[in-house]
Amino acid sequence: MEFSGQVALVTGGTRGIGRAIVEALAARGAHVAFTYRSSVDEANALHEQLTRAGTEALAIQSDASDFEAADAVVQQVTKQWGRIDILVN
């Protein structure tokens with residue numbers, strides 16, 4: 001499946017299944033925003049990996065259990081790319 005030009009938001013995207021999803025979406029052409037709570041080094045490394053590969057990526061530190069923080073993430077992604085086509089939470 002191709003996601004070229006689509007905008008994806010993945011919560012908890014720096015480790016495990018979340019990271020695998022981020023990488024798969026990016027490999028298929030999506031612009032990918034992902035959140036992380038505390039793993040700053042992992043988030044920075046993933047962001048660098050994605051951008052080196054030519055993916056438009058956005059790493060956002062946030063706690064998905066905080067409604068206001070989650071709303072701020074949505075606002076940041078839509079400000080960056082105008083929409084969200086894919087949400088993995």
Side-chain angles (χ1 to χ4, degrees):
M1 186 174 276
E2 188 66 28
F3 297 110
S4 184
Q6 292 189 20
V7 176
L9 170 57
V10 181
T11 61
T14 58
R15 295 183 290 166
I17 294 171
R19 183 182 181 116
I21 292 169
V22 167
E23 291 172 336
L25 289 166
R28 289 167 178 78
H31 305 313
V32 182
F34 62 91
T35 65
Y36 62 97
R37 192 169 69 186
S38 60
S39 51
V40 176
D41 292 338
E42 290 176 0
N44 289 338
L46 178 56
H47 184 265
E48 184 178 325
Q49 170 191 326
L50 295 172
T51 57
R52 261 187 292 140
T55 298
E56 288 193 43
L58 188 60
I60 306 167
Q61 188 168 21
S62 183
D63 181 350
S65 68
D66 178 337
F67 178 79
E68 289 178 4
D71 185 55
V73 168
V74 170
Q75 296 305 316
Q76 189 172 351
V77 174
T78 56
K79 182 178 181 181
Q80 178 77 23
W81 292 305
R83 66 189 193 284
I84 297 172
D85 301 304
I86 303 163
L87 174 63
V88 181
N89 186 330

Point to revise | Partner of Gln80 under side-chain contact (heavy atoms from CB on, under 4.5 Å), chosen from Val7, Ile60, Leu58 | key: Leu58

Check your understanding: side-chain contact (heavy atoms from CB on, under 4.5 Å) with Gln61: which residues, sequence neighbours excluded?
Key -> Tyr36, Val40

Practice item. Among residues two or more places apart or on two chains, list those pairs meeting ring pair (Phe, Tyr, Trp, His ring centres under 6.0 Å) that have a residue in residues 2-25. Key: none

Check your understanding: How far apart are the closest heavy atoms of Ala30 and Ala8, and which atoms are they?
Key -> CB-CB, 4.5 Å

Would you mind writing out the side-chain donor-acceptor pairs for residues 12-28 within the sub-3.5 Å range, not counting sequence neighbours?
residue	atom	partner	partner atom	Å
Thr14	OG1	Ser39	OG	2.9
Arg19	NE	Glu23	OE2	3.1
Arg19	NH2	Gln49	OE1	2.9
Glu23	OE2	Gln49	NE2	3.1
Arg28	NH1	Ala24	O	3.1

Review point. Do Leu9 and Ile86 share a hydrophobic cluster, counting only Ile, Leu, Val, Met, Phe, Trp and Tyr and linking them when any side-chain heavy atoms are less than 4.5 Å apart?
Key: no

Point to revise | Residue pairs, two or more places apart or on separate chains, that pass ring pair (Phe, Tyr, Trp, His ring centres under 6.0 Å) and touch residues 68-89 | key: His31-Trp81

**Study point:** Contacts of Asn89 that satisfy side chain to side chain donor-acceptor pair (under 3.5 Å) - sequence neighbours left out
**Key:** Thr11

Review point. If you group Ile, Leu, Val, Met, Phe, Trp and Tyr by side-chain heavy-atom gaps below 4.5 Å, do Ile84 and Leu50 land in one group?
Key: no

Review point. Looking only at heavy atoms, what is the nearest atom pair of Ala70 and Ala64, with distance?
Key: CB-O, 4.3 Å

Practice item. Could you list the residues that satisfy salt bridge (Lys or Arg N to Asp or Glu O under 4.0 Å) with Arg37, not counting sequence neighbours? Key: none

Point to revise | Contacts of Asp85 that satisfy salt bridge (Lys or Arg N to Asp or Glu O under 4.0 Å) - sequence neighbours left out | key: Arg83

Check your understanding: Restricting to pairs with a member in residues 55-76, which pass salt bridge (charged side-chain N to carboxylate O under 4.0 Å, His left out), not counting sequence neighbours?
Key -> none

Check your understanding: Val77, Leu87: one ILVMFWY side-chain cluster at the under-4.5 Å cut-off?
Key -> yes

Practice item. Give every residue pair that meets the ring pair (Phe, Tyr, Trp, His ring centres under 6.0 Å) criterion with at least one member in residues 40-68, sequence neighbours excluded. Key: none

**Study point:** Interatomic distance, Leu46 atom CG to Asp41 atom CG [nearest 0.5 angstrom]
**Key:** 12.5 Å

